[in-house]
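Structure first, then comments.
Nothing here was measured: the structure is a model prediction, and the numbers come from that model.
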Amino acid sequence: MSNSTTGSTPASAPAPESGDDQEELAAGSQLSTAPQEEAPGLPALGVIGWARWFWRQLTSMRVALLLLFLLSLGAIPGSLIPQSGTDETKVADFMQRHSFLGRLYDNLGLFHVYSSVWFSAIYILLFISLIGCIVPRTWQFVGQLRSRPPGAPRRLTRLPAYTTWRTEAEPEQVREAALVLLKKRRFRAHLAGDAVAAEKGYLREVGNLAFHIALIVMLSSFAWGQLYKSEGNSLILEGGGFSNTLTQYDDFKSGTLFDTDDLDPFSFHLKDFKGTYETTGPNRGTPRTYEAAVDYSVGAYGKAKKRTIKVNEPLVIGDSKVYLTAHGYAPVITVRDGKGDIVFDQAVALLPLDSNVTSSGAIKVMDGYRSPKGVEEQLGIQAFFLPTYVPGNEIASQFPALENPVLNLAPFHGDLGVDAGLPQSVYQLDKTHMKAFKDAKGQQVRVNLKPGESMKLPNGAGSITYDGTHEWANFQVTRQPAADWALGGAIVAIFGLAGSLFIQRRRVWVRAVKGPDGVTVVEMGGLGRSESAKVPEELGDIAGTLYDQAPGAPDPETPDPDPDTSAVPAEGAEK
């Protein structure tokens, strides 16, 4: 191969003005579907002109990126500041502790970021920007796919990558060989006059469009999920059941457009909970398995099915997922009055305080109890439970499993305040109108009980028996519509972005014409959307393969110098 050159056109090249330069611009046109920006004539702009200018700015890529950045920035306070839709208690506590910041955050909508006006405005503008950017580019790209690559410029030497050689093969043979070769390398190629025009790398624009479409899918899915989502928690004792209705939840929150009819109809029964823990080593007490064996059914007359719910392995029913989120113990308590009649007999769930499931709570006997004098009263019993009790350590369990359970009880009598109509926690005891039971020394009665043991209340007021321990499990039921669409959009966005970054769109032209001396001159030029070392390398590879099929012809012979003259050394030269 002879007379082969490759190079790169400097980025600061002067603006083309000649006809050849115009051809070069035409050859490089439509390598991208980015819209051409036109500088508006500001003095001549009217209402329509300004509207068009604003629309062009809104649908430009830099504005879309700016809005995406603002959306990410706006989500930060939603993660750091308590949100009213998630935890009203934390919001109230924050406003109580920080009066000035609380009022400021409330006025700025920082306690409900995702439903605030400013966050919604950014969200909607980003949505409009992406749609306004994608639609015209998609139609333009479809037009490019339906058209053929443009013909070769008159002067291929002006392209960033160029090579040439002379061959004795006929031009038609060279062009035919080039056409076959380029198609074999997955170029879209066709004959255009005395040259072959070819283009490759359309997947770059496909990836770019796929990335933006995936963003729209993700935004739409996120908005749909937030509007129609629901999330609730329910604590269930072993042997207990749950039906997916609002009254069965201990706490429940939902999106703005949620309707109770959207709840998936199902129910389940907790047969057994099993938890195992590390027994030795530095990780002693660390949970190894949490498993809840349930029987569930879908619909009012669905057939019961068995399933084991584990951590991060939820039960999926329709759009709902049932997660196992917590575990604890529920001592079985039997309370008798002074006559020996049972007034309370059930398991009471206690809340864990630490990783070893040291638990506390309240046992409330609201009806049926009478004092030894026959006065109708209510009982409140403060309970403290240690699954593994070690003598000498009265305040914390030493292991989360039931190895040596001890229940500490402190009983009170009086009015629990439940008839006042004010809400109160089932795990806390309001002692405002309660009196402690006291022993003969005037000290509050407090007793440690093991399973099967009982404590007698003073003055024949009755007895309390610890009959054993059940376990409970907390289930979180979430419904997040369009979550699969959001996940699919995220995956497509990643692959689309990778394609738009790593795939190079480029064009190659091969011209073969007869030279003045009758020998075929082959010229090859390459042009990429951006300066890339891949275009010259690829052009050189293609040229090398084509050169094997159309090998170079010898250069025209130059006349030899006069042999006699050349044989005589110049005067003064050394021999």
Side-chain angles (χ1 to χ4, degrees), residues 221-222 224-277 287-332 345-352 357 400-402 426 467-491:
S221 302
F222 177 76
W224 186 272
Q226 290 298 310
L227 291 173
Y228 291 93
K229 74 174 182 178
S230 65
E231 179 181 303
N233 291 276
S234 182
L235 186 150
I236 303 175
L237 299 175
E238 285 180 323
F242 171 83
S243 179
N244 194 25
T245 59
L246 287 181
T247 57
Q248 294 284 297
Y249 287 100
D250 298 327
D251 62 82
F252 185 86
K253 53 181 178 287
S254 61
T256 307
L257 301 181
F258 170 80
D259 188 85
T260 54
D261 293 336
D262 296 331
L263 290 173
D264 295 305
F266 68 88
S267 61
F268 64 86
H269 174 80
L270 178 60
K271 295 176 57 181
D272 179 59
F273 179 88
K274 179 182 179 182
T276 61
Y277 309 88
R288 297 180 61 185
T289 59
Y290 276 167
E291 298 179 352
V294 301
D295 291 337
Y296 75 96
S297 60
V298 180
Y301 305 101
K303 184 179 179 180
K305 302 177 182 178
K306 298 183 182 296
R307 174 67 189 275
T308 299
I309 304 176
K310 302 179 182 179
V311 177
N312 297 325
E313 294 183 18
L315 170 64
V316 180
I317 303 174
D319 289 334
S320 300
K321 294 183 179 180
V322 183
Y323 290 92
L324 176 62
T325 58
H327 152 260
Y329 295 106
V332 181
D345 182 17
Q346 66 184 56
V348 180
L350 304 181
L351 292 182
V357 203
L402 292 172
V426 297
D467 290 320
T469 309
H470 289 173
E471 298 190 54
W472 59 258
N474 189 78
F475 295 92
Q476 183 180 74
V477 182
T478 63
R479 185 178 180 275
Q480 191 80 24
D484 294 338
W485 283 93
L487 176 60
I491 295 174

Which of parallel (below 30°), tilted (30 to 60°) and perpendicular (above 60°) describes Tyr290 and Tyr277? perpendicular
Tell me, yes or no, whether the heavy-atom count around Asp345 atom CG, taken from other residues, nucleotides or ligands under 6.0 Å, exceeds 12. yes
Return yes if some donor-acceptor pair links the side-chain N/O of [X] with the main-chain N/O of [Y] below 3.5 Å, else return no.
X	Y	result
Thr276	Thr289	yes
Trp472	Ile236	no
Asp264	Gly318	no

Compile the donor-acceptor pairs under 3.5 Å between side chains in residues 266-273 and protein atoms, sequence neighbours left out, one pair per line.
{"from": "Ser267", "atom 1": "OG", "to": "Ser297", "atom 2": "OG", "distance (Å)": "3.3"}
{"from": "His269", "atom 1": "ND1", "to": "Gly240", "atom 2": "O", "distance (Å)": "3.3"}

Hey, does Phe242 have a side-chain heavy atom less than 4.5 Å from the side chain of Val477? yes
Looking only at heavy atoms, what is the nearest atom pair of Leu237 and Ala347, with distance? CD1-O, 3.8 Å
Shortest non-hydrogen contact between Ala482 and Ser221, atoms and distance: O-CB, 3.4 Å
Once rounded to the nearest 0.5 Å, what's the spacing between atom [atom1] of [X] and atom [atom2] of [Y]?
X	Y	atom1	atom2	answer
Leu246	Leu263	CG	CG	5.5 Å
Tyr329	Leu351	OH	CG	14.5 Å
Ser320	Gln480	OG	CD	11.0 Å
Lys321	Gln476	NZ	CD	12.0 Å
Tyr323	Glu231	OH	CD	10.0 Å

With side chain to side chain donor-acceptor pair (under 3.5 Å) as the rule and sequence neighbours excluded, what pairs involving residues 235-252 come up? Asn233-Asp251, Asn244-Tyr249, Thr245-Thr247
Less than 3.5 Å apart, which donor and acceptor atoms pair up between the side chains of residues 302-317 and the rest of the protein, not counting sequence neighbours?
{"from": "Arg307", "atom 1": "NH2", "to": "Pro314", "atom 2": "O", "distance (Å)": "3.0"}

